[in-house]
Amino acid sequence: MPYDERRLTDRMIAKWSAITEGTRMPRSSEIVPDAFGDDWKRCTLIALDPVLWRSRLVFVGETLRNRDRTRGTPQILNDYNEGSLMRLTAARIPAVIVKRCPIVFGGAAPHGAKTMLYRAILLPVSEDNDRVDHVLGAINFRDISAVAEDEAPVETSVLAAAGSASPFMALTGGRIAYPTSRK
């Protein structure tokens with residue numbers, strides 16, 4: 001009987017690696033709902049733009065959809081409120097681009113009118129296995145709104161703690177700085 005992993009982040013890494021048998025980053029066309037099963041509803045696939053907040057949302061799972069958007073159906077990251085779970089997660093995209101590997105992080109964040117405790121993972125996707133052009137994300141969360149203010153968990157990442165004025169955003173004005181080619 002196969003091992004049943006309970007953490008979304010570990011399941012996502014296993015499924016992401018299985019797509020290409022761990023030999024390269026998957027292509028965006030290889031990211032299909034069937035490969036991720038029930039976890040797909042917690043996923044988002046983002047096509048990167050040189051200006052991070054203009055990055056296009058290719059897919060947003062039903063548990064992440066329309067909870068903290070600023071207007072209409074979300075088309076780009078900027079359609080979500082600053083400080084929202086989606087924007088907070090997307091602020092880590094530059095780290096995925098530079099490291100070219102999955103990153104896991106978590107903490108507390110607003111999601112709609114509630115405060116959520118969350119754990120997220122961002123995984124790089126590349127058409128040419130060199131430049132990260134999409135990011136696959138998965139976010140698991142639970143409501144902690146009823147927890148007393150002074151007992152709420154503190155964000156676990158320095159970047160997230162800085163909010164929209166994270167060091168990356170402050171230094172680059174929100175532009176994605178791609179590392180030089182590794183060839």
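In this chain, residues are counted from 1 in sequence order. Computed over heavy atoms, backbone and side chain alike; hydrogens, waters and symmetry mates excluded.
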From [X] [atom1] over to [Y] [atom2], what is the distance, rounded to the nearest 0.5 angstrom?
X	Y	atom1	atom2	answer
Asp49	Leu77	CG	CG	9.5 Å
Asp128	Arg24	CG	CZ	11.0 Å
Asp38	Arg11	CG	CZ	8.0 Å
Thr44	His134	OG1	NE2	11.0 Å
Leu123	Leu45	CG	CG	10.5 Å
Phe36	Met12	CZ	CE	4.5 Å

Check whether any side-chain N or O of [X] sits under 3.5 Å from a backbone N or O of [Y] as a donor-acceptor pair, and report yes or no.
X	Y	answer
Thr115	Ile144	no
Trp16	Pro124	yes
Asp133	Glu127	yes
Ser55	Leu52	yes

Nearest non-hydrogen partners of [X] and [Y], listed with the distance:
X	Y	answer
Val96	Val132	O-CG2, 4.3 Å
Val125	Ser28	CG1-N, 3.3 Å
Tyr118	Ala109	CE2-CB, 3.9 Å
Ala95	Ile103	CB-CD1, 3.9 Å
Ile121	Thr9	CD1-O, 3.6 Å
Thr63	Lys41	OG1-O, 2.7 Å

Going by heavy atoms in the side chains, are [X] and [Y] under 4.5 Å from each other?
X	Y	result
Asp143	Met116	yes
Leu48	Ile97	yes
Leu122	Leu136	no
Tyr80	Thr89	no
Ile31	Trp40	yes

Assess the residue pair Met86 and Ile139 against the criterion (side chain to side chain contact (heavy atoms under 4.5 Å, CB included)); give the C-alpha distance rounded to whole Å, side-chain angles, the decisive distance to 0.1 Å, and a yes or no.
CA-CA 9 Å; Met86 283 290 285; Ile139 308 168; 4.2 Å; yes

Test side chain to side chain contact (heavy atoms under 4.5 Å, CB included) on Val104 and Arg119; report intermediate values, then the result.
CA-CA 7 Å; Val104 176; Arg119 179 167 299 279; 3.8 Å; yes

Output, in order, the C-alpha distance, side-chain angles, deciding distance and verdict of side chain to side chain contact (heavy atoms under 4.5 Å, CB included) for Arg87 and Asn78.
CA-CA 8 Å; Arg87 292 276 296 258; Asn78 203 44; 3.3 Å; yes

